[in-house]
Amino acid sequence: MRLSHFKFNKQERSGIFFLLLLVALLQGVYFFVKSKPFGGSPKFNEDVLALAQLDSLRNVVLSDSLRLLPFNPNYISDYKGYVLGLSTDELDRLFAFRKQGKYVNSAEDFQEVTQISDSLLEAISPYFKFPEWRQRETIKPSVPFIPKEKVVVPKDLNLATKEELMRVNGIGEKLSDRIINFRDKLGGFLVNEQLYDVYGLDPDVVKRALARFQVLHQPNITKININTASIQELSALLYINRDLAREIVLHRDANGAFSALDELVNVKTFPKERIDRIKLYLTL
């Protein structure tokens with residue numbers, strides 16, 4: 001006669017009962033704790049410094065992953081152009097040029113076709129690799145190679161667009177907007193040197209900009225008579241604030257009419273270094 005495997009004695013049945021009771025009790029405690037809202041404060045603090053270090057390490061990894069290898073710029077794809085920092089307009093110019101069956105054979109040709117900025121060209125041109133037969137074609141063994149100096153025909157500074165200004169190395173979106181805003185307030189640049197008056201524009205950047213842009217056509221302005229102008233009229237000039245305009249009128253009332261514009265330097269608080277700029281907008 002075989003014994004059943006599912007037959008338990010009294011002690012075994014008690015053990016199973018208490019085990020099931022314990023499991024049910026633990027399940028009840030779990031669901032009770034889970035359903036109870038948490039009213040305390042979190043027991044951890046965000047380590048901002050550590051997160052910043054992680055971000056910097058991530059940026060290093062990303063920059064390493066985008067390390068450039070020498071390439072022929074005639075065969076840049078959309079993705080390659082995106083990685084290099086070219087805009088869609090710049091890529092479209094290159095693609096249109098290549099559709100004509102033409103090739104760029106130097107970094108200067110590449111910039112002329114795509115119209116990229118000097119700063120971007122400086123960053124990616126060291127990785128340009130042109131075919132050897134192209135390089136041999138440009139060098140004659142019998143005549144010493146003398147690179148041609150690139151002749152830049154300056155454009156009118158008063159007609160320069162935001163995109164054109166941004167092609168100058170050192171001028172980004174904010175500075176280009178600031179230049180145009182300053183030009184609008186002036187009513188147009190009268191002399192090249194006024195570009196130095198734009199706030200935040202480094203003198204070296206101004207020199208690079210003036211190599212591309214010049215005041216070719218001066219705007220028509222109505223000069224203000226220094227001997228008859230009111231405080232309000234004088235303070236309308238960008239170079240003269242209301243306090244300086246009041247000092248000019250007080251000096252004129254106390255000493256009589258100005259006989260020469262250079263006498264303005266005798267006015268209290270007058271910025272002597274700006275006399276040449278201010279004289280552009282005044283008359284006797």
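Computed from a prediction, not measured in an experiment: that's the story for all the values here.
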Between [X] and [Y], which heavy-atom pair has the shortest distance, and what is it?
X: Gly187; Y: Pro219; value: O-CB, 3.3 Å
X: Gly200; Y: Arg178; value: CA-NH1, 3.9 Å
X: Ile116; Y: Gln111; value: O-NE2, 3.2 Å
X: Leu91; Y: Asp78; value: CD1-O, 4.0 Å
X: Leu190; Y: Val215; value: O-CG1, 3.8 Å
X: Ile240; Y: Ile248; value: CD1-CD1, 4.3 Å

Could you measure the distance from the [atom1] atom of [X] to the [atom2] atom of [Y]? Nearest 0.5 Å is fine.
X: Lys99; Y: Asp92; atom1: NZ; atom2: CG; result: 8.5 Å
X: Leu238; Y: Asp184; atom1: CG; atom2: CG; result: 11.0 Å
X: Ile179; Y: Leu201; atom1: CD1; atom2: CG; result: 5.0 Å
X: Thr228; Y: Leu284; atom1: OG1; atom2: CG; result: 10.0 Å
X: Ser235; Y: Leu244; atom1: OG; atom2: CG; result: 10.0 Å
X: Arg183; Y: Gln194; atom1: CZ; atom2: CD; result: 12.0 Å

Are [Y] and [X] connected in a single hydrophobic cluster, I mean Ile/Leu/Val/Met/Phe/Trp/Tyr linked by side-chain heavy atoms less than 4.5 Å apart?
X: Leu120; Y: Leu175; value: no
X: Met166; Y: Ile180; value: no
X: Leu121; Y: Val168; value: no

Should the heavy atoms of other residues, nucleotides or ligands under 6.0 Å from [atom1] of [X] be counted, would the total exceed 12?
X: Phe95; atom1: CZ; answer: yes
X: Glu122; atom1: CD; answer: no
X: Asn220; atom1: CG; answer: no
X: Glu273; atom1: CD; answer: yes

Quick check: does any side chain N or O of [X] sit under 3.5 Å from a backbone N or O of [Y], one acting as donor and the other as acceptor?
X: Glu247; Y: Asp243; answer: no
X: Arg277; Y: Asp197; answer: no
X: Arg98; Y: Lys102; answer: yes
X: Asn192; Y: Gln214; answer: no
X: Arg242; Y: Ile231; answer: no

State yes or no: are the ring centers of Phe71 and Tyr127 separated by less than 6.0 Å?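 Aromatic pair excluded; centres sit 6.0 Å or further apart.
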With heavy-atom distances below 4.5 Å as the criterion, would you say the side chains of [X] and [Y] are in contact?
X: Tyr281; Y: Lys223; answer: no
X: Asn105; Y: Tyr103; answer: yes
X: Phe110; Y: Ile76; answer: yes
X: Asn72; Y: Lys129; answer: no
X: Phe128; Y: Val104; answer: no
X: Lys279; Y: Asp262; answer: yes
X: Phe270; Y: Ile275; answer: yes

Would you call [X] and [Y] a salt bridge, using N to O less than 4.0 angstrom?
X: Lys162; Y: Glu173; result: yes
X: Asp118; Y: Arg212; result: yes
X: Lys174; Y: Asp177; result: no

Pick one: which of Glu164, Glu163, Arg167, Glu90 meets side chain to side chain donor-acceptor pair (under 3.5 Å) with Gln115? Arg167
So Tyr239 and Phe182, would you call those rings parallel, tilted or perpendicular, with 30° and 60° as cut-offs? perpendicular
Do Phe97 and Glu112 pass the side-chain contact (heavy atoms from CB on, under 4.5 Å) test, and can you show the C-alpha distance, the side-chain angles, and the key distance before you say yes or no? CA-CA 11 Å; Phe97 180 79; Glu112 184 177 353; over 6 Å; no
Regarding Arg252 and the six-membered ring of Phe258, is the cationic atom NZ or CZ under 6.0 Å from the ring centre and inside 45° of its axis?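 Checked: cation-pi criterion not met.
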Applying side chain to side chain contact (heavy atoms under 4.5 Å, CB included), name anything that partners Asp156, two or more places apart in sequence or on another chain.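 Counting only residues at least two positions away or on another chain, Asp156 forms a side chain to side chain contact (heavy atoms under 4.5 Å, CB included) with Asn158, Leu159, Leu216, His217.
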Who are the side chain to side chain contact (heavy atoms under 4.5 Å, CB included) partners of Leu282, not counting sequence neighbours? Ile224, Ile226, Leu234, Leu237, Leu261, Leu264, Ile278
Step by step, would you call Leu86 with Ile124 a side-chain contact (heavy atoms from CB on, under 4.5 Å)? CA-CA 10 Å; Leu86 274 71; Ile124 66 176; 4.1 Å; yes
